[in-house]
Amino acid sequence: MSTSAKDKSFPPLLQLSRPDTELATFAAGCFWSVELVFQRKDGVLQAQVGYTGGREGPTSYQEVCSGTTGHAEAVRLEFDPKTISYDQLLTAFWNKHNPTQGNRQGNDVGSQYRSVIFYHNEAQKELAEASKAERQKMYEKPITTEIKPVGTFYPAEVYHQQYLEKGGQCASKGCNDDIRCYG
């Protein structure tokens, strides 16, 4: 996709579409692949990529990549807890990435690629802490994943939304195709 073809406008912030749903926010490397993992989960109603965890005020992809904002690339989800539990979302989060790598995931290096669980309430915080302790048993190296209260979430530019799906990768519920991340 050429730079001139990219829609650099910003979509509205994802909101709950029903009173019986909840929000969850995760950062686990490049937000394109994290978004696709969650889009494929039954019970995830909406996913939106964006930036959070850094300074207040609107930002852009270029600013976040510069490392000066303190933001992580993250995914904000609306989910139906009667269909998929927060614990199941945590399992998908842990399975998606290597939580011991610090400010990187694979070839993507920088603080914007760090692993963070941004909790929306105390119940999510408790579940996140318990899951991190349990997951640590699987690694010799310490898990570097942060667990922090969610702050302001800034949606990423329109061209980042559903990026891999628009590129032809399957986002259907239950799809298990390998995810290929590319820019």
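In this chain, residues are counted from 1 in sequence order. Keep in mind that what you see is a predicted model, and the values were worked out from it rather than measured.
- Taking the ring centroids of F38 and F79, they lie at or beyond the 6.0 Å cut-off.
- Note: Y163 and H160 have tilted aromatic rings, judged against thresholds of 30 and 60 degrees for the angle between ring planes.
- For the atom pair OG (S131) and CD (E126), the distance works out to 12.0 Å, reported to the nearest 0.5 Å.
- With a 4.5 Å cut-off on side-chain heavy atoms, F26 and L89 count as touching.
- At least one donor-acceptor pair under 3.5 Å links the side chain of Q136 to the backbone N or O of Y139.
- Between the side chain of Q169 and the main chain of R180, a donor-acceptor pair closer than 3.5 Å is present.
- The shortest heavy-atom contact between C30 and D108 is CB-OD2, 3.5 Å.
- Using modelled atom types and a 3.5 Å distance limit, the side chains of K132 and T145 yield no donor-acceptor pair.
- L16 forms part of a hydrophobic cluster together with L14, L23, judged by ILVMFWY side-chain heavy-atom separations under 4.5 Å.
- Within the 4.5 Å cutoff, no side-chain heavy atoms of R40 are placed close to those of K173.
- Ring-plane geometry between H71 and Y154 is classed as perpendicular, the angle between the planes exceeding 60 degrees on a 0 to 90 degree scale with a lower cut at 30.
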Next on the checklist: Walk me through whether Y51 and F153 qualify under side-chain contact (heavy atoms from CB on, under 4.5 Å).
Outcome noted: CA-CA 6 Å; Y51 318 108; F153 185 89; over 6 Å; no

Checklist entry - Step by step, would you call E63 with T68 a side chain to side chain donor-acceptor pair (under 3.5 Å)? => result CA-CA 7 Å; E63 289 175 331; T68 61; over 6 Å; no

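- Evaluated for a side-chain hydrogen bond (donor to acceptor under 3.5 Å, both in side chains) with S115, the options K96, H97, Q105 yield exactly one hit, H97.
- No hydrogens or angles considered: a donor-acceptor pair under 3.5 Å links the side chains of Q39 and E165.
- Side-chain atoms of V75 and F118, non-hydrogen and from C-beta on, never get closer than 4.5 Å to each other.
- In the model, S9 has no side-chain atom that pairs as donor or acceptor with a side-chain atom of E157 under 3.5 Å.
- Scanning for salt bridge (charged side-chain N to carboxylate O under 4.0 Å, His left out) contacts around D20 gives R18, K82, with sequence neighbours left out.
- In plain terms, the two heavy atoms of P155 and Q48 that are nearest each other are CB-NE2, 3.6 Å.
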Item to check | Pair I147-V116, side-chain contact (heavy atoms from CB on, under 4.5 Å): steps then yes or no | outcome: CA-CA 6 Å; I147 299 174; V116 189; over 6 Å; no

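- In this structure a side-chain-to-backbone donor-acceptor pair under 3.5 Å is missing from Q112 to G67.
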Checklist entry - Could you go step by step and tell me if I179 and V37 meet the side-chain contact (heavy atoms from CB on, under 4.5 Å) rule? => result CA-CA 8 Å; I179 294 174; V37 164; 3.5 Å; yes

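- Under the 4.5 Å side-chain heavy-atom criterion for grouping Ile, Leu, Val, Met, Phe, Trp and Tyr, V44 is not connected to V150 through any hydrophobic cluster.
- Residues near F10 contribute nothing to a hydrophobic cluster around it, because no ILVMFWY side-chain heavy atom sits closer than 4.5 Å to its side chain.
- Residue H120 holds its NE2 atom at 3.0 Å from OG1 of T25, rounded to the nearest 0.5 Å.
- Closest approach of T144 and G102 over heavy atoms only: OG1-N, 3.1 Å.
- Without hydrogens or angle criteria, Q162 side chain to A47 main chain gives a donor-acceptor distance under 3.5 Å.
- Of the N and O atoms on the side chains of T21 and E78, at least one donor lies less than 3.5 Å from an acceptor on the other residue.
- Counted by atom type alone, N98 and T100 present one or more donor-acceptor pairs between their side chains at under 3.5 Å.
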